[in-house]
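Below, read A as the first sequence line, B as the second, and so on, with proteins coming before strands; counting in each chain starts at 1.
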Amino acid sequence: MNKILIVAKKEFRDGLRNRWVAGISIVLALFAMGISYFGTAASGSVGFASLSTTVVSLSSLAIFLIPLIALILAYDSIVGEDEQGTLILLLTYPLQRSQLMAGKFIGHAGIMALATLIGFGSAGLLIAIFSPHASFEELLTSYSVFILSSILLGWVFVAMAYLISVSSNEKSRATGVALMVWFVFVFVFDLLLLGILVTSGGGVGENLFAYLLLLNPTDIFRLINLSSFEATQVQSGIASIAEEGLIQPVVLFVSLLAWLLLLYLLAVWRFNKRI
Amino acid sequence: MSDTAMTDTVIQLNHVQLEYGKFRALNDISLLVPEGEVLGLLGHNGAGKTTTIKLLLGLLESSAGSVSVFGGDPLDREHAGKIRNNIGYLPENLSFYPQLTGLETLSYFADLKGANKKEKDSLLEEVGLAHAAHRKLKTYSKGMRQRLGLAQALLNQPGLLILDEPTVGLDPVATQDLYLTIDKLKQQGATVILCSHVLSGIEEHIDRAVILAKGCVLADGSLERLRAQTQLPMQIRVKGRIEENGWLKDISDSEIDLQRINGSQYLFTCPISEKVSLLKNIMAEDSVNDLEIHAPSLEAIYQFYNRHASALEKE
């Protein structure tokens, strides 16, 4: 069997065995259905909303959850093997470092994709069945885009976790850095952008601001999912950029893929330098 | 064994030097290991044993000198690809994947090495883990994990086996089994590097000892050669009666030291050069019932070289 596939198979089986797939799927499905059902509670009634409305709320939640899950899943993939003595052993096998990394990525990417698909997919299906406002058409179009971009966002943060893992000498340090990275991309980056926008007194043009958002994969994910829907109810700054279509969805997807490629290649490069 | 092993010299280090930043981990190391030799690489923690091993495995690059394993540079990608199937390695402090069973772990490494499926079962049997093959590793003792580590190192019947502190965590029976396995591999023509700071028991299983300290080779040779070099005395313990007015009364003038124990036992400590003449005298005695000869142990040789090195350093 191909060496990459041997490693990928082991990682994927570990994910199933450790109940990662089941755990992530359940968490995502519960959040998706909960948000859809209770999302309109502020207006005095509860019940499944349309998939479009669900996605708008859900994408805000996915921005927190998906990166965190991906980082926790993969932050110890290299440094953890190092601590248990298996990394040095694997490196003496007829297996190149890039093959080891590729195998791990395929395994972890598979876990993220399957869990996201099962979690959000099953919730979407139930909402489409039980909500009078939802349609199967939405499920196949906009909601599919949401699931696809969620998977891609997960992969970006798996690659980010690898970069952290290969750059750390201790698992505890990798944990700290992973949490810091999550905090920066999920909270700090947007605050900084907002700060720049306010202090510059509008000096940063809308176009430039839109492109600055591409520097954060979670913002790209947000833009993809807000621009996918005509009936965007959340009128945030980002939503307006999405609505105005300053950046084409295809550019957004390519940007996420570029993030994935960049982080993955950086991780491989750092891994090759690691003693 | 693959055809890469068809060479007389398996390992060759020429004036190798290696630095970690400003710290010099290896200093002018030269070493030649012929095919089929069992070499004991000995030294305290931090002496440079593991660094030397990492060089041989192509995990580190020397800052000066050359490293050759099976006739090529282990850092050369093409050569490394060829030889890695022919090297078995047991690292120090190996704990494996706690969530996998013994068989699953060995299967994973066997697949990566392209070993056949039958070999896994026979190896588990050989290292005494067949009964625990389906148990998760988190239930394994340290000794069991070490034995599993040995099993993976033996995959594909490697021509070169590198064992880093293999007896750590092993009970006396498992330690003896490990040495028997090494003896068997030697008979099959494998070259073995046995890296250890636990010296008791290994001297009967190695052909040659290399003693490292602070990244330098302190001593290199067979035990006989090292014993001759160190001139350490040997001990002869005699049970029975020796005529006090015979050759024994002149012994105080020689280099031989005598201790009398309980009036019926004698402990002679003598230089190796005096061994034969002393034995002749003892054997000529009618009332001697038994005797034991103790050549200087590897531990004594090891301590001699380390003391010698420390003394030189102080000067």
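- Proximity to chain A (any heavy atom under 4.5 Å) is restricted, for B/L155, to the side chain, taken from C-beta onward.
- At least one test fails for A/K9 against the ring of B/Y108: distance under 6.0 Å to the centre or angle within 45° of the axis.
- Using a 4.0 Å cut-off between charged side-chain N and carboxylate O, B/E104 and A/R13 make a salt bridge.
- Side-chain atoms of B/Q99 and A/N18 form no donor-acceptor pair, as typed in the model, at a separation below 3.5 Å.
- Annotation: the span from B/L112 atom CG to A/L95 atom CG amounts to 5.5 Å, rounded to 0.5 Å.
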Pair A/I88-B/L94, side chain to side chain contact (heavy atoms under 4.5 Å, CB included): steps then yes or no: CA-CA 9 Å; A/I88 190 167; B/L94 181 62; over 6 Å; no
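- With hydrogens and angles ignored, the 3.5 Å screen pairs a side-chain donor or acceptor of B/S95 with a backbone N or O of A/Q84.
- Counting only distance, with no hydrogens or angles, the side chain of B/R77 and the backbone of A/Q96 share no donor-acceptor pair below 3.5 Å.
- For a residue to count as touching a neighbouring chain, one of its non-hydrogen atoms must lie under 4.5 Å from one of that chain's; by this rule B/P74 does not touch chain A.
- With a 4.5 Å cut-off on non-hydrogen atoms, A/Q99 does not touch chain B at all.
- A/K10 places a side-chain heavy atom less than 4.5 Å from the side chain of B/L100.
- At a heavy-atom separation below 4.5 angstrom, chain A is approached by B/K54, B/L57 within residues 44-58 of chain B.
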